[in-house]
Amino acid sequence: MRKKIVAGNWKMNLDYNEGLSLFSEVLNMVKDEATGTQEVVVCSPFIHLHSLVQLAKGNGRVSIGAQNAHQAESGAYTGEVSAKQVKSVGAAYVILGHSERRQYFGETNQLLAQKTDTALANGLKPIFCIGETLQEREAGEHFNIIKTQLQEGVYHLDADKFSQIVLAYEPVWAIGTGVTATSEQAQEIHAFIRQELAAKYGQQVADDTTILYGGSCNAKNAPELFAQPDIDGGLIGGASLKSRDFTDIVKVFN
């Protein structure tokens, strides 16, 4: 049975004290209200990581992740943070290849393959993001784009290493726009991804891989999305900044 995960991506929001306050609320709500086996992951800015890890100690349901990590182990890269540094504070996950990193910082599939290798080498679990833009979908290229992102980003991994990856499908046209892919559109892509994984790694690996949906997912549409057979949870943006909204999404898996 593959793991169900609800991951929050705070992006570049919340100062230090605001982040601790929100996380404390989420911890208490999840403890009191989440009755399933779902895992909760909070991916914060770097400034929060160590403190969130400390707050989460003893809570087996909630893990902490970073939103990025550099591809090099260390070096003269002013302003960057390495996977080793992220791991050293106790974080378990790292988001790689988010569409905003691809768009605003020019991250390529080849660069993300390097980042994935470094993250895995340092014991982090990548949440590897893939997805198409509106122009690519309208041109009918969405399946090819996703296949290429997989081939160039993670298919160099053997099955054992790939088993440590969580995938997140994010239709770029639905991120921060308030537009959500229909449950049918999302399921179609998730099923395609699983089919591609089966062709590459075999059916067992495909069946065991957690694939999250990310793209304006909220408490209202999460039940319909998460009910789809190939959607195993969500990578939540804006709704993760409100403890009630985020917890209500987590509770869909109760």
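Keep in mind that what you see is a predicted model, and the values were worked out from it rather than measured.
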No-hydrogen, no-angle side-chain donor-acceptor test under 3.5 Å, Q149 and N109
no

Straight-line distance of L96 CG to E107 CD, nearest 0.5 Å:
8.0 Å

What I want to find out is whether R137 reaches E132 closely enough, with some N-O distance under 4.0 Å, to be called a salt bridge.
yes

For the pair S51 (side chain) and H48 (backbone), establish whether a donor and an acceptor sit closer than 3.5 Å, ignoring hydrogens and angles.
no

Counting N and O atoms only, with roles assigned by atom type, does the side chain of Q67 sit under 3.5 Å from a partner on the main chain of I95, one being a donor and the other an acceptor?
no

Within the supplied structure, the quantity of interest is the number of heavy atoms (other residues, nucleotides, ligands) at a distance under 6.0 Å from K147 NZ; does it exceed 12?
no

Return the set of residues passing side-chain contact (heavy atoms from CB on, under 4.5 Å) with Q114 (not counting sequence neighbours), or none when no residue passes.
Q71

Any ion pair linking D248 and K242 (charged N to carboxylate O, less than 4.0 Å)?
no

Non-hydrogen atoms of Q85 and V81 that approach each other most closely
OE1-CA, 3.4 Å

Between L112 and I127, is there a shared hydrophobic cluster once you connect ILVMFWY residues whose side-chain heavy atoms come closer than 4.5 Å?
no

Are S82 and Y77 linked by a side-chain donor-acceptor pair shorter than 3.5 Å?
no

For E25 and L22, indicate whether the former's side chain and the latter's backbone hold a donor-acceptor pair under 3.5 Å.
no

So do P45 and L14 actually touch side chain to side chain, heavy atoms under 4.5 Å?
no

When you measure from the side chain of N28 to the backbone N and O of S24, does any donor-acceptor pair fall under 3.5 Å?
yes

Contact check, side chains of V166 and Y93, non-hydrogen atoms, under 4.5 Å:
yes

Is the closest side-chain heavy-atom distance between V41 and C43 below 4.5 Å?
yes

Between K125 (side chain) and V94 (backbone), is there a donor-acceptor pair under 3.5 Å?
no

Under a 3.5 Å cutoff, is there a donor and acceptor pairing between the side chains of E138 and W173?
no

Hey, what's the ring geometry for F23 with W10, parallel, tilted or perpendicular (30° and 60° as the breaks)?
perpendicular

Cluster question for you: counting only ILVMFWY and a side-chain heavy-atom cut-off of under 4.5 Å, with indirect links fine, are V154 and I146 together?
yes

Between F128 and L150, is the side chain to side chain contact (heavy atoms under 4.5 Å, CB included) condition met? List the steps.
CA-CA 9 Å; F128 191 90; L150 288 169; 5.5 Å; no

Taking all non-hydrogen atoms of both residues into account, name the closest pair between P171 and G214 and its distance.
CD-O, 3.2 Å

With hydrophobic residues grouped by side-chain heavy-atom distances under 4.5 Å, do I236 and L167 end up in a single group?
yes

Under the 3.5 angstrom rule, does the side chain of R194 hit a backbone N or O of A206 as a donor-acceptor pair?
yes

Using every non-hydrogen atom in the two residues, find where A239 and C217 come nearest and quote the distance to one decimal.
CB-O, 3.9 Å

More than 12 heavy atoms of other groups within 6.0 Å of K84 NZ
no

Answer with yes or no whether the side chains of E18 and N13 bring together a donor and an acceptor at under 3.5 Å.
no

Would you name the heavy atoms of Y169 and I193 that are closest together and state the gap between them?
CB-CD1, 4.0 Å

Ignoring hydrogens, what is the shortest heavy-atom contact between S99 and E170? Give both atom names and the distance.
N-OE2, 2.6 Å

Below 4.5 Å, heavy atoms only, C-beta onward: do L197 and F162 meet side chain to side chain?
yes

Quick check on the 6.0 Å ring-centre criterion: do Y213 and F226 meet it?
no

CG (N221) and OG1 (T182) are apart, to the nearest 0.5 Å, by 11.0 Å

Between F253 and I5, is there shared hydrophobic-cluster membership here, with clusters defined by ILVMFWY side-chain heavy atoms closer than 4.5 Å?
no

Is a side-chain donor-acceptor pair under 3.5 Å present for N122 with E73?
yes

Would you please test F143 and E188 for side chain to side chain contact (heavy atoms under 4.5 Å, CB included) and show each step?
CA-CA 10 Å; F143 292 119; E188 179 185 38; 3.8 Å; yes

Between T133 and E136, does any side-chain donor sit less than 3.5 Å from a side-chain acceptor?
yes

Here the gap from Q195 atom CD to K200 atom NZ, rounded to the nearest 0.5 Å, amounts to 16.0 Å

Quick check for you: to the nearest 0.5 Å, what is the distance between N218 atom CG and K220 atom NZ?
7.5 Å

Between the main-chain N or O of G97 and the side-chain N or O of R102, is there a donor-acceptor pair closer than 3.5 Å?
yes

Quick test of your reading of the model: are R2 and D208 salt-bridged, counting only N-O distances below 4.0 Å?
no

Check against side chain to side chain contact (heavy atoms under 4.5 Å, CB included), L27 and N59:
CA-CA 8 Å; L27 270 181; N59 187 318; 3.4 Å; yes

Do side-chain atoms of Q38 reach the backbone of V250 as a donor and acceptor pair under 3.5 angstrom?
yes

Is there a donor-acceptor pair under 3.5 Å between the side chain of N254 and the backbone N or O of T35?
yes

Consider only side-chain heavy atoms of I, L, V, M, F, W and Y, link residues closer than 4.5 Å, and tell whether M29 and V42 are in one cluster.
no

Between L120 and L157, is there a side-chain heavy-atom distance shorter than 4.5 Å?
yes

Please determine if R61 and E39 form a salt bridge, counting it only when a charged side-chain N lies under 4.0 Å from a carboxylate O.
no

Look only at the side chain of S21 and the backbone of N17, and say whether a donor-acceptor pair between them is shorter than 3.5 Å.
no

Check whether the side chains of D117 and H156 place a donor and an acceptor atom closer than 3.5 Å, and report yes or no.
yes

Between S44 and L49, the two heavy atoms sitting closest are OG-CD2, 3.4 Å

Could you give me the CA-CA distance, side-chain angles and deciding distance for H190 and Q228, then say whether side chain to side chain donor-acceptor pair (under 3.5 Å) is met?
CA-CA 9 Å; H190 280 241; Q228 301 302 312; over 6 Å; no

Could you grab the distance from atom CG of L235 to atom CD1 of I211, nearest 0.5 Å is fine?
13.5 Å

Cationic N near anionic O, under 4.0 Å, E33 to R244
yes

Evaluate the side chain to side chain contact (heavy atoms under 4.5 Å, CB included) criterion for residues K115 and H70: first the C-alpha distance (whole Å), next the side-chain angles of each, then the deciding distance (0.1 Å), finally the verdict.
CA-CA 6 Å; K115 288 193 172 193; H70 198 269; 5.6 Å; no

Atom pair CD1/NE2 of I189 and H142 - distance to nearest 0.5 Å
5.0 Å

